Structure formats: structure tokens, C-alpha cells
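Encoded as C-alpha cells, the structure appears first; notes follow it.
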Amino acid sequence: MSRTITLLPGDGIGPEVTAATVRVIEAVGAEFEWESHVVGAEAVQAGDEPLPQRVIDSIQRNKVCLKGPVTTPVGKGFRSINVQLRQALVLYANLRPTLSIPGLATRFEGVDLVVVRENTEGLYSGIEHQVVPGVVESLKIITEVASTRVSEFAFKYARANGRKRITAVHKANIMKLSDGLFLECFRQVSKRYPDIEADDRIIDAMCMNLVIRPETYDMLLLENLYGDIVSDLCAGLVGGLGVSPGANLGEDAAVFEAVHGSAPDIAGRGVANPLALMRSAVMMLHHLGHVDQAKRLETALLHVLVDQKVRTRDLGGTAGTHEFTEAVVRAIEAA
Ligand code: NAI
């Protein structure tokens, strides 16, 4: 019996990149039933909640979800679906590998970094209020439980994946209590993993170091907001948002999605790069234990990139989403 996976195509470029990704997953012979759901503005237009309960139920039932990006209204409107999903399903670790791609010229070579972002609290708790007109408060929630479990995740991941060093990134010199607690939990957990080097950097210095010597870092652990910003910075080190995959992981469920958003500026034009979501699908296949199919897809993606004949516009080429996808399918079939 084939496994069922929840599919959230999302909006903007989401439906384009998810359709392309499903096509290559099927090309490697992975047989899944897709349970597709609409969320965000499209769900609201259909008279539903932005994040209907049946979507959460579907992911809880299937345990795994492949997700396209979803637009979040700025300054008003519904709360981010992405944040709500991560909180509702307790997907506490956001894993974002950042790897230089062979054949893709960028400012840096040899970048091989893994970013782990705490995914459930910090300033994304969404607790904001107006004290008096002209003054608002936004609360940054940091708990021992969440900081400890994400630190545990990072050290376990390091051990399982041959990583040697984790750098915690914080601003504990200014936010002594909140970032201080995050850092303290990291240090406590690090004592149980003497085989993994543990150090820390202040977020501002870290940003400078990342754009000078990114190859000197191995794994980074950050609270939610810093992780959001730094993972886009890291995407920029290795070719941009079009190439950077991600996974949101918890004890009971996993949602695989690219780092990028819904890219309204290019939506519907057939030019979006589906590579980031395809690489997220490689992570999903590994997570499901489909190691051979994961390797086949990864090898095909690398083949197309190294070959350099078919590239999307964000990587300096002229190919559209469809052309790139078909090149990947041909590479899978030829292997
Ligand atoms: P964005 O990531 O959508 O776009 C930033 C820039 O990168 C744009 O110029 C876009 O054209 C380009 N880009 C992004 N992905 C690309 C791809 N696959 N191929 C080629 N070019 C690509 O970030 P932006 O504009 O800040 O956000 C747009 C919307 O997406 C917002 O509503 C935001 O809240 C939402 N968003 C959703 C996320 C999610 O669903 N996980 C993550 C990040 C943002």
C-alpha cells in the first residue's frame, strides 16, 4: 500500500514549484498518495479559516507534508500560516542545509553549513499589543523547554551526520534574560555531547563573519528570528533562495518546504526555480527511509546543475520551471 503525504501547494509560485517537485518524486519511482489542501488567502476566499483544522489533522495523520510557500499579509490580516503550522504541530526544529553547489559559481566556495532554527517561539509567538496609541509591545518568549529540545536536536543531528562543531548565535549581551536562557540551555546540553565542539557568537558579529568566511562554520543554532534572517543570508552565500531547501521537524510530524516565500513578483510566469523544493523533497525521501530514491533525485539534480545547459533565470540561465523539471526527469531516466 502506498503512503499518503499531505500536500500544501500554497500560493504565488507555490503551485508551480510543488507540481514540478511531485513530478520528479514520481519520476524516481516513489509511489505516494497526495492529500492536497488549500490554505491561506485561497482558503479564506473559499469561506474557510486560513489554516483549517482538517489540514492540521491531515498532517498529524500522515506525519509528513510537502509544502509550497504561503503569502502572509503584511501589517494586518491573518497570522502567518507557516508560523501557525509550526506551533500547532510543535515542529520545533527548522533544519536548513547550506551547501555550495558544484558548477554554480557564487562568491564563496566550499560552504557546507547546517542552520538549525528554533521554530516555535521567540518573537514569533505573535503576542503584541498597543500599550497606548503610538506605543506597542511585542513579547519575545524564550523557554527552557523549547531551547533545550532544539539544542538536543542540533547535537543529535551533529552526531548522526558527522558534524564536528555547533555555534550558538545570540544577543545575550543585550537580552541577558531571554537570549541568556537560550545560550545557557545550549551550554547545558553541550555537556552531554563532549565529542561535538560547542561555541557561540553574537548575532551581529556572526553576520559579518558569515559574509567573510562562511566556510569556517559547521552548524549554527539560532532562536526563531535570528534563524529566519540568517538562513536567508546563508541561502545568498550558495546561490540564493531558489536553491535552499528546508525541513520543519517535530516528534510527531515533519513538514518539508523551501526557505523561499511565495515570490509574488514572478508568480504565474513559469520562471520559478523549483530546485529548492526538489532538494527539500530529497530530505523528505531520506526522512521516509527511501534512501535510494533520495540519492537518485539528488544525483539527477546535481547532474543538471553541473551540466549547466538548463538553468533557471535566478541562476543566470534562461530555462523556465517546466524546462528545468523535464531536464531533471531526463537525468533520472538516463541514470
Ligand atoms: P520571497 O522568498 O518570496 O522572494 C524574495 C526574492 O527571491 C524575490 O525576488 C523572488 O522572486 C525570489 N525568489 C524566491 N524564490 C524563488 C524561486 N524559487 N525561484 C526564483 N526566484 C525566487 O520573499 P518575500 O518576497 O519577502 O515574501 C513573499 C511572501 O512569501 C510574503 O508574504 C512572505 O510572508 C511569504 N513567505 C512565506 C514563506 C513560507 O511559506 N515558508 C517563507 C518566506 C516568506
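Computed from a prediction, not measured in an experiment: that's the story for all the values here. For ligands, and for the atoms within them, numbers begin at 1 and follow the listed sequence.
In this structure, the separation between CG on Leu99 and CG on Leu104 is 11.0 Å, given to the nearest 0.5 Å. Residue Phe182 holds its CZ atom at 9.5 Å from OG1 of Thr148, rounded to the nearest 0.5 Å.
Within ligand 1, counting atoms from 1 as listed, the ones closer than 4.0 Å to a heavy atom of Ala263 are 3 (O), 10 (C), 11 (O), 14 (C).
At least one heavy atom of Pro264 sits closer than 4.0 Å to an atom of ligand 1. At least one heavy atom of Asn82 lies less than 4.0 angstrom from ligand 1. At least one heavy atom of Val259 sits closer than 4.0 Å to an atom of ligand 1. Not a single heavy atom of Arg313 sits closer than 4.0 Å to an atom of ligand 1.
When only interatomic distances are considered, the shortest N/O to N/O separation between Thr71 and ligand 1 does not fall below 3.5 Å. On a distance-only criterion, Val70 and ligand 1 share at least one N/O pair closer than 3.5 Å. Not a single N or O atom of Ile13, backbone or side chain, sits closer than 3.5 Å to an N or O atom of ligand 1.
In the displayed structure, Glu49 atom CD is contacted under 6.0 Å by at most 12 heavy atoms of other residues, nucleotides or ligands.
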> Between Arg54 and Asp48, is a salt bridge (Lys or Arg N to Asp or Glu O under 4.0 Å) present by the stated rule, with each step listed?
Replying inline: CA-CA 11 Å; Arg54 64 177 171 281; Asp48 233 324; 2.5 Å; yes
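Protein heavy atoms are found less than 4.0 angstrom from atom 32 (O) of ligand 1. Less than 4.0 angstrom separates atom 24 (P) of ligand 1 from none of the non-hydrogen atoms of the protein.
In this structure, atom 19 (N) of ligand 1 lies nearest to the protein heavy atom Asn273 N, 2.9 Å.
With sequence neighbours excluded, no residue forms a ring pair (Phe, Tyr, Trp, His ring centres under 6.0 Å) with His286.
A salt bridge is defined here as a Lys NZ or Arg NE, NH1 or NH2 lying under 4.0 Å from an Asp or Glu carboxylate O, and Glu257 with Arg86 meets this definition.
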